Amino acid sequence: MSDILRRGRLSSTPDKDIMDFTSSMAADKWIFEADVLVDMAHTIMLKEQGIIREDDCSAILQGLFKIREDGIEALDHSYEDIHISLESRLIDIVGEDIGGRMHSGRSRNDEVATCMRIRLRDEMLSLMEELTALRASLINKAAENINTLMPGFTHLQHAQPTTLAHHLLAHSDALSRDTARVSDAFSRINKSPLGAAAFASTGFDLDRGRTCFLLGFGGLIENSMDAVSSRDFLIESAAVMANIMINLSKMAEEIVIWSSTEFNFIELDDMYASTSSIMPQKKNPDTAELMRGKSGVAIGSLMTLLTICKGLPLSYNRDLQEATPNAWRSVETTRSAVRIMTGMIATMNVNADVMAMQSTTGFTTATELADTMVRAAGIPFRTAHQIVGVLARGDGNPSLADVDEVSQTILGEGLSSRGLTEAMIAEALDPVMNISKRTVTGGPAPDEVSRAIAAREDNLEEEKFAISELNYMIENSLNRLFVVAQDCVEGKK
Ligand code: ARG
């Protein structure tokens with residue numbers, strides 16, 4: 001069969017080695033569906049503009065419906081990309097006199113950019129859904145653990161008592177910003193480059209607004225050079241996904257540490273564990289470790305995308321083809337990691353007793369004791385910090401007499417004479433009392449955490465609604481496209 005792309009200008013064909021090097025067919029499987037949509041919208045617009053005849057349009061659309069039904073496998077994989085292979089199949093089906101008219105006023109340059117935006121907007125919507133599910137999982141676990149004491153850490157050293165709910169909400173809040181970033185990226189992804197052709201647009205009287213509408217885009221990438229050359233939408237998405245993977249990696253690291261014998265804070269469901277081929281007793285948190293490791297894939301994809309785009313002159317350069325598989329790698333890795341983390345959190349067992357026991361070891365209540373001295377005895381915080389620091393050299397459970405003795409050496413007087421009592425010290429050393437006092441906005445006090453959980457649950461509902469609206473809008477547009485295409489096939493206007 002004659003090669004519809006090369007038969008004119010070129011006389012020799014690339015060997016298998018060159019083809020493997022230059023072809024994008026493997027990564028193009030991601031955009032097969034999108035390519036058919038783009039072809040349909042472009043064809044309909046060509047007819048509406050009087051650029052192709054109605055009966056040609058009808059035959060082309062019929063061919064495209066068949067190609068869509070037969071799937072990517074029916075295409076000739078020896079072509080260098082999906083666009084030309086799809087066009088060649090169309091020509092096989094309807095003949096060149098008809099099929100050969102589809103590519104009027106178009107280039108693979110605007111075509112591929114449009115396809116990628118169509119596929120990526122779907123991926124970003126799914127990712128947003130998955131992120132809301134993960135946040136719901138974290139928030140549910142938090143709701144079950146509002147009173148579950150645990151030591152909070154700085155420098156991975158016991159720092160102050162907190163609750164597991166407070167800790168989990170920190171992760172869900174970070175992921176809420178990630179969701180907003182995905183949504184923000186979506187608004188820039190969902191723009192149509194179609195009609196830019198190779199880069200200089202075309203002398204055909206195209207209606208770019210019409211294809212934009214038919215494909216459900218929110219607007220145009222107007223400048224035709226910018227439209228075919230820019231991959232900032234991929235870079236931006238990959239950057240957001242790299243950040244999501246960093247957040248998941250941090251969570252995964254905690255899961256690994258908390259599952260250790262030394263911590264024993266949690267136990268993962270066996271589903272997420274693996275064992276050793278030699279040590280029969282092992283239960284390893286492999287899934288969490290892989291999540292930590294796969295953050296490297298997302299970071300690597302971002303670096304690759306940035307490097308590919310760096311220093312490219314306007315407008316289209318074939319280097320850009322190499323961006324595509326990296327974008328997909330980042331999407332696949334990130335979306336699956338978010339889904340897996342959701343289940344891992346939902347099914348993990350919390351060893352609340354161990355956490356509670358550990359919540360005060362390492363004198364985690366020292367800050368509250370110093371604060372109590374400030375409030376009860378009216379001494380400056382810095383002085384209280386010194387007194388408690390000296391007491392911390394002991395067993396972490398000082399009595400009023402101990403306090404007075406240290407205070408005597410530093411201040412020349414005991415704090416009992418300034419109003420500090422044994423009961424106040426006992427209260428300061430009680431982790432539950434510590435937490436109940438931290439009612440500041442965003443603090444771990446149970447009432448404040450309950451408020452925070454309720455607010456986040458409301459936000460999640462609103463976000464889910466907004467995501468479903470976007471999904472509906474796109475689905476609706478594409479259904480409309482199919483209806484318009486079907487009408488053309490049937491010769492209706
Ligand atoms: N496979 C190409 C890509 O992914 C499609 C565009 C080809 N354009 C060209 N001028 N060779 O970028």
Side-chain angles (χ1 to χ4, degrees), residues 3-14 16-39 41-42 67 72 75-91 102-123 189 191-202 211 215 221 223-235 237-238 301 304-332:
D3 182 322
I4 62 161
L5 178 67
R6 305 175 64 89
R7 65 188 179 187
R9 176 67 178 83
L10 307 169
S11 49
S12 69
T13 48
K16 182 172 178 329
D17 208 21
I18 301 172
M19 256 335 254
D20 288 349
F21 190 77
T22 53
S23 164
S24 61
M25 278 305 272
D28 285 351
K29 71 171 193 294
W30 280 77
I31 53 173
F32 168 70
E33 289 275 337
D35 207 22
V36 175
L37 299 175
V38 171
D39 283 347
H42 182 69
I67 290 171
I72 191 169
L75 297 185
D76 179 353
H77 279 61
S78 68
Y79 274 108
E80 67 183 35
D81 64 32
I82 192 97
H83 317 291
I84 200 69
S85 136
L86 205 156
E87 186 183 334
S88 149
R89 171 116 172 94
L90 179 73
I91 288 173
M102 179 176 73
H103 208 57
S104 317
R106 198 179 62 174
S107 155
R108 287 179 294 164
N109 299 351
D110 60 340
E111 191 178 354
V112 70
T114 311
C115 292
M116 276 177 354
R117 286 169 181 273
I118 287 174
R119 177 67 195 245
L120 190 60
R121 72 181 177 189
D122 275 354
E123 297 290 344
I189 294 166
K191 294 260 163 31
S192 176
L194 199 61
F199 75 90
S201 79
T202 171
T211 45
L215 292 169
I221 301 286
N223 181 286
S224 61
M225 276 205 165
D226 180 33
V228 298
S229 324
S230 295
R231 294 295 183 269
D232 55 342
F233 69 103
L234 293 184
I235 292 174
S237 304
S301 302
T304 310
L305 283 165
L306 288 166
T307 314
I308 288 168
C309 294
K310 175 187 171 295
L312 284 187
L314 287 175
S315 58
Y316 180 83
N317 299 276
R318 191 73 180 272
D319 312 43
L320 292 175
Q321 174 174 297
E322 213 52 38
T324 316
N326 284 286
W328 305 148
R329 193 168 301 131
S330 162
V331 165
E332 269 189 325

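We count residues from 1, following the sequence as given. Atoms considered below: every heavy atom in the structure, side chains included; atoms not considered: hydrogens, waters and symmetry mates. In listed order, ligands and their atoms are each counted from 1. The structure presented is a predicted model; accordingly, all values stated were derived computationally and were not measured.
- Gln321 OE1, 2.8 Å is the protein heavy atom nearest to atom 1 (N) of ligand 1.
- The protein heavy-atom contact nearest to atom 8 (N) of ligand 1 is Asn109 OD1, 2.9 Å.
- The protein heavy-atom contact nearest to atom 11 (N) of ligand 1 is Arg108 NH2, 3.5 Å.
- Within the 3.5 Å criterion, the main-chain N or O of Gly195 finds a donor-acceptor partner in the side chain of Asp110.
- Atom 5 (C) of ligand 1 has Asp81 OD2, 3.4 Å as its closest protein atom, hydrogens excluded (heavy atom only).
- The closest donor-acceptor contact from the side chain of Asn223 to the backbone of Ile221 lies at 3.5 Å or more, if one exists at all.
- In this structure, CD1 in Ile118 is found 8.5 Å from CG in Asp122, a value given to the nearest 0.5 Å.
- Of the protein's non-hydrogen atoms, Tyr316 OH, 3.5 Å is the one closest to atom 7 (C) of ligand 1.
- Within the 4.5 Å cutoff, the side chain of Arg89 has no heavy atoms near those of the Asp76 side chain.
- Between the CZ atom of Arg108 and the NE2 atom of His103 there is a distance of 7.0 Å, given to the nearest 0.5 Å.
- Checking only distances, Ser24 does come within under 3.5 Å of ligand 1, N or O to N or O.
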